[in-house]
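What follows is a short report on a single structure.
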Amino acid sequence: MYGLVDCNNFYASCERVFNPSLNGVPIVVLSNNDGCVIARSNEAKLLGIPMGEPAFKMKELIDSNQVVVFSSNYTLYGDMSNRVMKTLSTFVPSMEIYSIDEAFLHLNGFEHLDLDVFGRKIVRITTKNTGIPVSMGIASTKTLAKMASKYAKKYKGYQGVCVIDTEEKRIKALQKFDINDVWGVGRSYAKLMNDHGIHTAYDLTQRTKSWVRKNMTVVGERMWNELQGIACIEMDSTFAVKKQICTSRSFGTKLTEFHDIFEAVSNHAASCATKLRCQKSCAAGMLVFIMTNPFAEYDPQYVNSKHLFLSVPTNNTPEIIQYAKSLLQDIYKPGYAYKKAGVIITEIIPNSPLQADLFDTIDRGKQDKLLKVIDGLNGGLGSNMVRIASQGYSKKWKLKNEKQSKRYTTKLSEIIEVKADDLDV
DNA sequence: TCTGGGGTCCTAGGACCC
DNA sequence: TCTGGGGTCCTAGGACCC
């Protein structure tokens, strides 16, 4: 059996933990740059504020209902996530952290327990220990567990836990479940389902396996099996090394000058390099992209990217910034109002053993020592305390986050970052 | 006129997730 | 005025191998 534990309205709940006066008050959390609504408290959902909606379109609704608005605070959410996961890990020998606010628990070996009771204990203690309300779905496959967790959230009577452990319950759950809410059904499959008169999860299970295979490939076939109670999606508790690493941001304002955009790209490249070192990897290929604002219909549009294979794979910050600079130089064209830039590491390999270059001019041993010291300093004092000059301090590219809450869980670095700004002067 | 069989690897594009 | 960011997996088709 699989259990899926899912935090309720996670980002909104994180904000509430440190500001209990917000209980019962509608809250929304905005994406980077204060762009779109990415989390809503139940009260905000009831007001009809949709997920993913641009904030400016919701302004009237937000103002007239005194909705409290937050810019996203990922440092805080990441930290709260760690607390939740740590608590969950005390209940089972094996779990898989599926996203910032969800984890699958492996329940094999717990058959002797009343899973309903066990689930409620997990929900109760996790909420008590962290302040974050959670729900749990339990079933014989991951897809059914996801479904169960939605029921647990939707109906108060479940007390936070829904268990699908009999054929009767499975069929009933499938029949009442909108096909659009099934794990793995996105926009395009939703249309396909609609076109074929499939409205519930049950309807899909009534199609033949070959129909599903033909119209939805092997992905759909797995989904079909999972809904029937045949597990196809295994637990994966191993730490997964990323196959692709990307850092990109929209700018707070439009930028036209090369050096302003390069400052942003430098920071994105540095962040990619740090992420590479964190997972003990090197970049063997990378890509830089820039784009104008696609929503500004009447502005001239320009989107471009360029890819590069590295002769010696590296995770060295200055080196990666240099490559990024030359790529940016190749694609930058003056005269456009740029809105977004990003760096993507496309080919990732382990940092050891590494194929060296006979004619390499860089003393990599020495560089590695330097980077270790920099990572150590930044880890203790706050990220980017020590930085490459081209990363700059102009902050012209910095995004809007006018309504960010405090860094309640990571105060030390906050204090030191203030000092860093003083030093900058 | 007639032109094999069995593979691997890579990429772009499309689908999905949170 | 204002529209996020970071990932994974699958498939078809092309290039190549023997």
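A note on names: the letters A, B, ... follow the listed sequences, proteins ahead of strands, and every chain is numbered from 1. The structure presented is a predicted model; accordingly, all values stated were derived computationally and were not measured.
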Select base, sugar-phosphate, or nothing to describe what Lys339(A) touches, counting heavy atoms under 4.0 Å on all strands.
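Since only primed, P, OP1 and OP2 atoms lie under 4.0 Å of Lys339(A), the category is sugar-phosphate.
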Just checking, is any N or O donor in the side chain of [X] or [Y] under 3.5 Å from an acceptor N or O on the other one?
X: Gln391(A); Y: Asn267(A); answer: yes
X: Glu263(A); Y: Ser394(A); answer: yes
X: Asn401(A); Y: Ser71(A); answer: no
X: Arg277(A); Y: Thr317(A); answer: yes

Strand contacts (DNA chain C) in residues 35-51 of chain A, 4.0 angstrom heavy-atom criterion
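Heavy-atom cutoff 4.0 Å gives Gly35(A), Cys36(A).
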Take nucleotides 11-18 of chain B nucleotide by nucleotide from the 5' end and write B, S or -, depending on whether a protein heavy atom sits under 4.0 Å from the base, only from the sugar-phosphate, or from neither.
----SSSS
Taking ring-ring contact (aromatic ring centres under 6.0 Å, His included) as the cut-off, I'd like each qualifying pair that reaches into residues 266-300 of chain A, sequence neighbours left out, listed once.
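Pairs touching residues 266-300 of chain A that pass the test: His268(A)-Trp397(A).
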Just to be sure I understand: a Watson-Crick pair is purine N1 to pyrimidine N3 plus N6-O4 or O6-N4, both under 3.5 Å. Using that and G-U wobbles, which stems of three or more pairs involve DNA chain B?
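Listed by first number, the stems are B:5-18 with C:5-18.
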So which one's nearest nucleotide on DNA chain C is more toward 5', Lys57(A) or Thr217(A)?
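Whichever sits nearer the 5' end wins; that is Lys57(A).
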Indicate yes or no: at least one non-hydrogen side-chain atom of Leu30(A) is less than 4.5 angstrom from one of Ile38(A).
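A side-chain contact is absent here, since even the closest heavy-atom pair is not under 4.5 Å.
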Can you pull every protein N or O that's under 3.5 Å from an N or O on nucleotides 5-9 of chain C?
from, atom 1, to, atom 2, distance (Å)
dG5(C), OP1, Ser250(A), N, 2.5
dG5(C), OP2, Ser250(A), OG, 3.1
dG5(C), OP2, Lys340(A), NZ, 3.0
dG5(C), O3', Arg249(A), NH1, 3.0
dG6(C), OP1, Ser248(A), N, 3.4
dG6(C), OP1, Arg249(A), NH1, 2.7
dG6(C), OP2, Ser248(A), N, 2.6
dG6(C), OP2, Ser248(A), O, 3.0
dG6(C), OP2, Ser248(A), OG, 2.8
dG7(C), OP2, Cys246(A), N, 2.6
dT8(C), OP1, Lys243(A), N, 3.1
dC9(C), OP2, Lys243(A), NZ, 2.7

Let's go through Asp101(A) and Ser99(A) carefully: what are the C-alpha distance in whole Å and the side-chain angles of both, what is the deciding distance for side chain to side chain donor-acceptor pair (under 3.5 Å) to 0.1 Å, and is it a yes or a no?
CA-CA 5 Å; Asp101(A) 73 330; Ser99(A) 73; 3.0 Å; yes
Against the six-membered ring of Phe177(A), is Lys150(A) placed for a cation-pi contact (under 6.0 Å from the centre, within 45° of the normal)?
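Not satisfied by the 6.0 Å and 45° rule.
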ring-ring contact (aromatic ring centres under 6.0 Å, His included) partners of Tyr336(A), counting only residues at least two apart:
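Listed in chain order: Tyr302(A).
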Taking only the P atom of each, what is the distance from dC18(C) to dT3(B) in whole angstrom?
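Per the computed distance, 25 Å lies between those P atoms.
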